[in-house]
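These numbers come from a predicted model, not from an experiment.
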Amino acid sequence: MFKDIYAISYKMRLERYRMIFTVVLAVVLCFAGISLFMLFVLLPVRVSSDSMSPDVSVNGISLAVPLLRSPRRGDVMLVQAHAVENHSLPARLMNHAVRLMTAQQWQPLGDGRWGRAAAPFVRRVIGMPGDTVYLDNYVAYVKPRDERFFRTEFELTQTKYNVTIADPPMHWDAELGAKGKTEPLTLGEDEYFVLGDNRLSSADSRVWGAVAQDDFRGKLLVQYFPFLRVHAF
């Protein structure tokens, strides 16, 4: 009788362990699947500044496709303007899993330390490789490769967008920060000129210089929050 009781108890413990293992495995696979989806397919992006207003809302949330890293003129892209340490796929999956569990606020890797995620900037592509670009009164003028004349950024792209151009504050030093007037810059073979739509309040190629294609982390497709300002880019 005691042997039968022991056998039943052993089977119950074994069944309990199997159930726990199944639940843990299901949770791990779920997080891994969601992390892979966010890593390669659709990535929620929250913009906390007004650097891309008015088209990208402050604290608005958009969906980006990390696989789309070859921009066209006028595209809104995620740009990693500062060098970051490259990590293996398992480490990146762990990052995405932790970010998922912390509402995109925390990650163990990415900027070389444990802490807040070093998120890419959201910026619009204005100049393509071979273009010559300059700004006058915060509007970009572009002369594409093999063309003779400059045209405004709005004339060269089929993407319709708005920019915020305001008079700078009194006694503003035009040489500081986001300049409204720049000298012509000819882009190299792997160089892109990116700008924020809020030209008076944006760190972009006026500050960092041109960026390379490897600096792009994905293309924004649609802003889905706030719900009253849903639109495609």
Side-chain angles (χ1 to χ4, degrees), residues 34 36-82 84 96 99-100 103-105 117-131 133 135 138-142 144 151-166 178 187 190-233:
I34 295 174
L36 280 172
F37 184 84
M38 294 173 60
L39 190 60
F40 295 111
V41 183
L42 283 179
L43 175 66
V45 177
R46 179 175 176 268
V47 178
S48 57
S49 73
D50 66 348
S51 58
M52 285 296 292
S53 64
D55 284 359
V56 181
S57 304
V58 180
N59 293 321
I61 304 177
S62 303
L63 289 176
V65 180
L67 288 176
L68 298 180
R69 300 191 178 189
S70 297
R72 298 177 302 176
R73 196 189 308 276
D75 284 347
V76 179
M77 304 290 292
L78 290 174
V79 184
Q80 191 72 63
H82 308 292
V84 295
H96 279 273
R99 290 177 61 189
L100 178 66
Q104 309 297 317
Q105 298 300 309
F121 295 93
V122 175
R123 297 292 182 265
R124 192 178 300 276
V125 177
I126 302 299
M128 304 291 289
D131 288 354
V133 184
L135 271 76
Y138 297 98
V139 174
Y141 292 81
V142 183
R151 288 183 281 171
T152 68
E153 57 188 289
F154 309 109
E155 296 175 289
L156 285 171
T157 177
Q158 296 180 350
T159 302
K160 304 301 181 184
Y161 59 92
N162 302 294
V163 298
T164 299
I165 301 173
L187 301 172
D190 186 35
E191 291 186 332
Y192 297 80
F193 197 88
V194 298
L195 291 173
D197 288 349
N198 186 348
R199 298 293 162 81
L200 199 62
S201 178
S202 172
D204 44 44
S205 286
R206 292 171 291 178
V207 178
W208 324 315
V211 298
Q213 183 171 337
D214 287 345
D215 295 325
F216 293 116
R217 295 293 182 265
K219 175 184 175 181
L220 266 67
L221 291 184
V222 61
Q223 176 177 281
Y224 66 90
F225 181 84
F227 299 123
L228 295 180
R229 297 198 61 190
V230 174
H231 66 276
F233 295 109

If I take atom [atom1] from residue [X] and atom [atom2] from residue [Y], how far apart are they, to the nearest 0.5 angstrom?
| X | Y | atom1 | atom2 | result |
| --- | --- | --- | --- | --- |
| Tyr138 | Arg206 | OH | CZ | 7.5 Å |
| Asp50 | Asp197 | CG | CG | 11.0 Å |
| Ile61 | Phe227 | CD1 | CZ | 8.0 Å |
| Leu68 | Asp75 | CG | CG | 9.0 Å |

Minimum side-chain heavy-atom gap [X]-[Y] below 4.5 Å:
| X | Y | answer |
| --- | --- | --- |
| Asn59 | Ser48 | yes |
| Arg69 | Lys219 | no |
| Phe121 | Asp204 | no |
| Val122 | Leu78 | yes |
| Val194 | Ser205 | yes |
| Leu156 | Arg73 | yes |
| Tyr161 | Val76 | no |

Sidechain-backbone polar pair: [X] side chain, [Y] backbone, donor-acceptor under 3.5 Å:
| X | Y | value |
| --- | --- | --- |
| Asp131 | Val142 | no |
| Asp55 | Asn162 | yes |
| Ser53 | Ser57 | no |
| Glu153 | Ala140 | yes |
| Arg199 | Gly196 | yes |
| Gln80 | Arg217 | no |

**Request:** Show your working on side-chain contact (heavy atoms from CB on, under 4.5 Å) between Leu195 and Arg124 and close with a plain yes or no.
**Result:** CA-CA 5 Å; Leu195 291 173; Arg124 192 178 300 276; 5.7 Å; no
**Prompt:** Can you check side-chain contact (heavy atoms from CB on, under 4.5 Å) on Arg72 and Val125, steps first, answer last?
**Reply:** CA-CA 7 Å; Arg72 298 177 302 176; Val125 177; over 6 Å; no
**Request:** In sequence, state the C-alpha distance, the side-chain angles, and the governing distance for Val211 and Arg123, and then conclude on side-chain contact (heavy atoms from CB on, under 4.5 Å).
**Result:** CA-CA 11 Å; Val211 298; Arg123 297 292 182 265; over 6 Å; no
So which heavy atom on [X] is nearest to which on [Y], and how close?
| X | Y | answer |
| --- | --- | --- |
| Leu187 | Ala210 | CD2-CB, 3.9 Å |
| Gly74 | Thr157 | CA-OG1, 3.9 Å |
| Pro44 | Leu42 | CD-O, 4.0 Å |
| Phe225 | Gln223 | O-CG, 3.4 Å |
| Thr164 | Pro54 | OG1-CD, 3.3 Å |
| Val163 | Phe154 | CG2-CZ, 3.8 Å |

**Asked** Are Tyr141 and Arg151 close enough, and set up right, to give a side-chain contact (heavy atoms from CB on, under 4.5 Å), and what steps lead you there?
**Response** CA-CA 5 Å; Tyr141 292 81; Arg151 288 183 281 171; over 6 Å; no
**Message:** Looking at Gln158, I'd like to know if its CD atom is crowded, meaning that more than 12 non-hydrogen atoms belonging to other residues, nucleotides or ligands lie closer than 6.0 Å.
**Reply:**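 No, because the 6.0 Å sphere around CD of Gln158 holds 12 heavy atoms or fewer from other groups.
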**Request:** Over 60° means perpendicular and under 30° means parallel, so classify the ring planes of Tyr192 and Phe216, tilted if in between.
**Result:**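 It falls in the perpendicular class, over 60°.
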